[in-house]
Structure formats: C-alpha cells, structure tokens
Amino acid sequence: MEASTWDLVERLRDWLDAESPVTGDMAKTMRVLKIGEEFGEVAEALHGAMGANPRKGASHTWDDVHKELCDVTITSLIALASLTPDARKLFEARLHHIGERSLGSLG
C-alpha cells in the first residue's frame, strides 16, 4: 500500500529530525527558510523556460518549473509539519477557508 501524502510528509520530517545537524527552534527556522531557497529555484526555472535571460536562453523546460513548484509545496508541508503536530488539520482547514472565501459555499 502506498503511503498517503501526509504520512510521507511526516516520515520526511522525522528523517530530517534524525539526520539534521541542527535541532529545536533552529531546525524549524531552517525548514521555513528552505521554502525561500526552493522558490528561488522555481523563479530560475521559470526564467529559463521563458528564455527571459538573454545570456542563458532557454535553459529550462516547463517540466522543470512543474517539478520546482512541487518542491516548494513539499518543503512547505514539511515545514508546517515541523512547526505543529496538527499540520494536516490546519492545512485542510486553511484550504477550505480559502476555497469558501474565493468560491463561495463549498457545502
């Protein structure tokens, strides 16, 4: 049986907890800051996919952009799971709040 998204997020968080040289609040801070690093990689891939840098040309594909966006999402979910034991519940509640605010009643 394949692990659910949140089960895998929690396993990755636990692996980072075990393997990281930093702990406690510093580990949490590093995981949040990692989101910024991953965003930078999305920005670089987007520039490359659009050929926006004349020096580099088309250095990336749209598939690269998609993969980097996934990395941002995964990194964000791991950071959230590192900050609170209720990450799954908080994420679902926030997603539904934004959905209702944007789309109206989801019921």
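When a residue number appears, it is its place in the shown sequence, counting from 1. Scope of the values below: all heavy atoms of this structure, side chains included, with no hydrogens, waters or symmetry mates.
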For this session: Go through the steps to decide whether Thr84 and Leu90 satisfy the test side chain to side chain contact (heavy atoms under 4.5 Å, CB included), and finish with yes or no.
Result: CA-CA 9 Å; Thr84 176; Leu90 289 169; 3.5 Å; yes

Problem set entry | With Glu10 via salt bridge (charged side-chain N to carboxylate O under 4.0 Å, His left out) - residues at least two apart | Arg88

Exercise. What side chain to side chain donor-acceptor pair (under 3.5 Å) pairs are there with at least one residue in residues 54-66, not counting sequence neighbours?
Worked result: Thr61-Asp64, Asp63-Lys67

Seminar exercise, completed: So NE2 of His97 and OG of Ser102: to nearest 0.5 Å the spacing works out to 8.5 Å

Exercise. Does Thr73 reach the main-chain N or O of Leu69 with its side chain, forming a donor-acceptor pair under 3.5 Å?
Worked result: yes

For this session: Enter the distance from His96:NE2 to Glu100:CD here, rounded to the nearest 0.5 Å.
Result: 8.0 Å

For this session: Grab the two heavy atoms, one from Ser82 and one from Lys28, that are nearest each other, plus how far apart they are.
Result: O-CE, 3.4 Å

Problem set entry | Shortest non-hydrogen contact between Ala81 and Ala87, atoms and distance | CA-CB, 3.6 Å

Seminar exercise, completed: Rounded to the nearest 0.5 Å, the CD1 atom of Ile78 sits from the CG atom of Leu12 at a distance of 4.5 Å

For this session: Please check if Phe91 and Leu8 belong to a single hydrophobic cluster, counting links between Ile, Leu, Val, Met, Phe, Trp and Tyr side chain heavy atoms closer than 4.5 Å.
Result: yes

Exercise. Can Val72 be reached from Met50 by stepping across I, L, V, M, F, W or Y side chains whose heavy atoms are under 4.5 Å apart?
Worked result: yes

For this session: Please report the closest heavy-atom contact between Ile35 and Ala79, naming both atoms and the distance.
Result: CD1-CB, 4.0 Å

Seminar exercise, completed: So salt bridge (charged side-chain N to carboxylate O under 4.0 Å, His left out) across residues 12-22, not counting sequence neighbours, yields Asp17-Arg31

Exercise. According to a 4.5 Å side-chain heavy-atom criterion applied to Ile, Leu, Val, Met, Phe, Trp and Tyr, with indirect links allowed, do Leu83 and Leu16 form part of one hydrophobic cluster?
Worked result: no

Exercise. Is Met30 reachable from Trp15 through a run of I, L, V, M, F, W or Y residues, each pair having side-chain heavy atoms under 4.5 Å apart?
Worked result: no

For this session: Treat each ILVMFWY residue as a node, draw an edge where side-chain heavy atoms are under 4.5 Å apart, and state whether Leu80 and Leu33 are in one component.
Result: no

Exercise. If you take all heavy atoms of Thr75 and Asp71, which pair is closest and at what distance?
Worked result: OG1-O, 2.7 Å

